[in-house]
Amino acid sequence: MRFTERSPLAWTALSSPTVRTSLWLVAIALVCVALADFEIRSISPWAELGRFAHGLIQPDFRTLDTAGTALLRTITFAFTGVGLAAIAGMGLALVFHHRWVRGACAFIRGIHELFWALIFLQFFGLHPLTGVLAIALPYAAVFARVYSEILEEGDARPARALPAGSGLISTFWYARVPDVWPHLMSYTSYRLECGMRSSAILGFVGMPTLGFYLESAYGEGLYGEVGMLLLLFLALIASLRLWVRPRLVPFYLLAAPFFLGTGLPIVWGNATRFFTEDIIPAPLRSGEGLAGLGPWLWDLLVNQALPGIGATLVLTQIALVATGVLALISFPLISRLFSGPIARGGGNALLIIGRSTPEYLLAYILLQLWGPSMLPAVAALAIHNGAIIGHLIGRQSNQLSLRPDAVGGFNRYTHEVVPRLYRPFLAFLFYRWEIIMRETAILGILGITTLGFYVDSAIQELRFDRAMVLILITALLNIAVDAVARRMRQHLQLRTTPTASTPP
């Protein structure tokens with residue numbers, strides 16, 4: 001579908017609530033900037049950046065065999081976890097209309113994969129089951145929500161045409177699923193790419209994926225090996241469409257569990273102790289009872305939860321606006337309305353790199369270059385999410401048709417294209433809000449004082465009761481942000497499709 005204009009577009013075409021909302025987001029982000037820590041603490045950041053760039057230009061392939069094993073583990077964890085999640089998510093989509101199912105899924109997906117991995121590590125240890133479940137559990141909740149939304153948008157007439165008494169499962173598979181099957185497969189393919197990124201960063205908590213070897217190489221100053229691992233990962237993501245064919249997917253799913261490795265044996269006594277002792281609040285374990293629980297919770301709230309929530313919200317709001325700015329700047333790089341074929345090829349390459357590299361991995365690299373502050377986190381979140389939204393908006397801009405006498409250059413950008421793409425841009429930005437919040441929380445593991453910092457500290461100190469309370473707070477915060485974003489999308493009546501023309 002192509003969109004043609006009937007009258008010149010200008011910013012006045014945008015509804016005033018949309019403009020006011022955007023200005024409020026910018027104003028809040030500016031206040032948050034005043035509260036944030038953006039100091040560069042590295043002694044020689046430019047020299048460090050030069051060494052990193054040299055490693056990318058001249059990667060060291062002498063340890064390719066080890067990297068190949070890590071790459072295989074990354075793929076198998078992703079296929080196994082996403083495969084299990086897709087099956088579970090399809091089943092949950094059947095009953096997603098129940099409020100308790102929606103609430104449980106919202107809570108589960110509000111906890112990042114790395115948090116789930118840290119939890120499972122305590123009773124499964126470095127066993128493949130830890131990595132598989134860390135991906136499968138939150139992804140199943142995501143699949144349940146998205147699959148149910150896709151099914152709701154499908155044609156309901158085939159289901160109504162079935163004879164009375166047709167079972168729920170029969171109706172689901174024979175009347176509802178076939179109509180939306182391409183959309184289900186398209187989203188599942190996208191989640192597999194996300195699963196590859198999640199699988200890679202599981203290495204930062206000890207799983208034998210690419211992240212583990214990248215962290216080791218970076219710690220030893222082996223920038224050539226770091227460059228090799230990053231290039232391998234980008235090649236893996238870029239080539240997914242070439243080797244992940246529908247006919248081969250069942251083979252991959254059946255073969256993947258056999259290449260997960262063995263790991264350390266599971267000590268089931270650890271699991272029993274974790275649920276019966278470790279996560280029970282300390283005052284209850286020590287016999288203080290409810291009298292000691294209040295002061296314990298107050299201390300945790302004042303000294304860890306509230307500072308973590310504050311830093312998480314500050315970083316999220318700055319990253320949200322930075323993501324929007326970067327998306328608006330980057331989408332012309334792949335738009336035929338602004339760039340030629342060669343320039344669009346280069347722009348696509350940049351956006352593929354940005355959206356394919358996990359935020360956690362980007363933040364880790366930038367932290368090594370600039371030192372611990374919020375700056376690497378904001379840059380990592382903005383680059384990754386801005387590239388995703390820039391890619392989506394750039395593709396939509398290619399569907400627009402302008403009049404032959406339409407203005408060019410910067411005026412075309414400000415008066416013709418952006419006003420018609422701004423509402424879908426804002427819709428995509430609100431969709432990413434919850435994801436940015438989840439990633440902001442988990443970046444605390446790298447030393448930034450968001451909620452993840454306090455969760456990781458509690459786990460390192462073996463205070464699992466404190467860690468579980470903080471993880472619960474993180475999930476509730478994500479649920480709240482998602483609810484606010486959804487309400488704002490509904491209030492502003494935002495859609496992810498461009499405006500066809502200016503209303504008369």
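Just so you know, these numbers use all the heavy atoms, side chains as well, and skip hydrogens, waters and symmetry mates. Given the structure is predicted, the values throughout are model-derived calculations rather than measurements.
For R344, the side-chain hydrogen bond (donor to acceptor under 3.5 Å, both in side chains) criterion is met by no residue, not counting sequence neighbours. Partners of Y139 under the ring-ring contact (aromatic ring centres under 6.0 Å, His included) rule, at least two apart in sequence or in another chain, do not exist in this structure. In this structure Y147 satisfies the side-chain hydrogen bond (donor to acceptor under 3.5 Å, both in side chains) test together with T188, sequence neighbours excluded. Applying the side-chain hydrogen bond (donor to acceptor under 3.5 Å, both in side chains) criterion to W100, with sequence neighbours excluded, gives no partner residue. Contacts of F96 classified as ring-ring contact (aromatic ring centres under 6.0 Å, His included), with partners at least two apart in sequence or in another chain: none. Listed by chain and residue number, nothing satisfies the side-chain hydrogen bond (donor to acceptor under 3.5 Å, both in side chains) test with T276 (two or more places apart in sequence, or in another chain). F79 pairs by the ring-ring contact (aromatic ring centres under 6.0 Å, His included) definition with Y252, not counting sequence neighbours. Not counting sequence neighbours, E225 has no partner by the salt bridge (charged side-chain N to carboxylate O under 4.0 Å, His left out) test. Taking the ring-ring contact (aromatic ring centres under 6.0 Å, His included) definition, one finds that F77 meets it with nothing, sequence neighbours left out.
With 3.5 Å as the limit, one finds a donor-acceptor pair spanning the side chains of S397 and S335. Checking S373 against E39 by side-chain atom types alone, no donor-acceptor pair falls below 3.5 Å. If you check the side chains of W433 and Q317, you find a donor sitting under 3.5 Å from an acceptor. Side-chain contact of N478 with R438: a donor-acceptor pair under 3.5 Å is absent, judged by distance alone.
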All N/O donor-acceptor pairs, side-chain side in residues 120-137, below 3.5 Å, sequence neighbours left out:
residue, atom, partner, partner atom, Å
Q122, NE2, L118, O, 2.7
H127, ND1, L129, N, 3.0
T130, OG1, G125, O, 2.8

Table please: side-chain donor-acceptor pairs of residues 441-452 below 3.5 Å, with sequence neighbours left out.
residue, atom, partner, partner atom, Å
T450, OG1, T440, O, 3.0
T450, OG1, A441, O, 3.1
T450, OG1, G444, N, 3.1

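Enclosure of atom CG in L242 by more than 12 non-hydrogen atoms of other residues, nucleotides or ligands within 6.0 angstrom is indicated. The number of heavy-atom neighbours closer than 6.0 Å to CZ of R395, taken from other residues, nucleotides and ligands shown, is 12 or below.
A salt bridge links R466 with D299: the distance from a Lys NZ or Arg NE/NH1/NH2 to an Asp or Glu carboxylate oxygen falls below 4.0 Å.
Aromatic ring centres of Y218 and Y223 lie closer together than 6.0 Å. With ring centers used as reference points, F204 lies under 6.0 Å from Y364.
A cation-pi arrangement is present between R489 and Y431, with the terminal nitrogen or guanidinium carbon under 6.0 Å from the aromatic centre and inside a 45° cone about the axis.
When E439, R355, R432 are each tested for a side-chain hydrogen bond (donor to acceptor under 3.5 Å, both in side chains) with N385, only one passes: R432.
Residue pairs satisfying the ring-ring contact (aromatic ring centres under 6.0 Å, His included) criterion with at least one member in residues 307-330, sequence neighbours excluded, are absent.
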